[in-house]
Amino acid sequence: MLTCKGLVAQSSDLLDGSLSFRQRLAARTHLAICFHCRRFIRQMRISQRVIRTLPEAPLPDLEHLLRAISEQRAAQSDDHNER
Ligand SMILES: [Zn+2]
């Protein structure tokens, strides 16, 4: 019987469809009886889908973005101090 730990260890392969028939059957059986692993796999699937929608290239000018965020934070804390 596959344990939760075993299922988590195989979860990427399960989602990629690269498990053997036997492993897939064991995973499906476990998922049928284990609510927690069903939820885990569902969330993994959602994360995979979200990750696929992200651009492949790194975000342009990340340095600039981080600087803008920290400047905005600094400005916000200045506002806060004045009140
Ligand atoms: Zn489980």
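All residue numbers in this chain count up from 1 along the given sequence. Read the numbers this way: they start at 1 and go in the same order the structure lists the ligands and their atoms. All values reported here derive from a predicted model rather than from experimental measurement.
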From Gln10 atom CD to Ser18 atom OG, the distance as rounded to the nearest 0.5 Å = 9.5 Å

Nearest-0.5 Å distance, CD1 of residue Ile51 to CZ of residue Arg49 | 12.0 Å

Below 4.5 Å, heavy atoms only, C-beta onward: do Cys4 and His36 meet side chain to side chain?
-> no

Protein N/O/S atoms under 2.8 Å of the Zn ion (ligand 1)?
-> Cys4 SG, His30 NE2, Cys34 SG, Cys37 SG

Should the heavy atoms of other residues, nucleotides or ligands under 6.0 Å from CZ of Arg28 be counted, would the total exceed 12?
-> no

State the CD-OG distance between Gln48 and Ser11, to the nearest 0.5 angstrom.
-> 9.0 Å

What residues join Ile41 in its hydrophobic cluster, counting side-chain heavy atom gaps under 4.5 Å, either direct or through other members?
-> Leu2, Leu7, Val8, Leu14, Leu15, Leu19, Leu31, Phe40, Met44

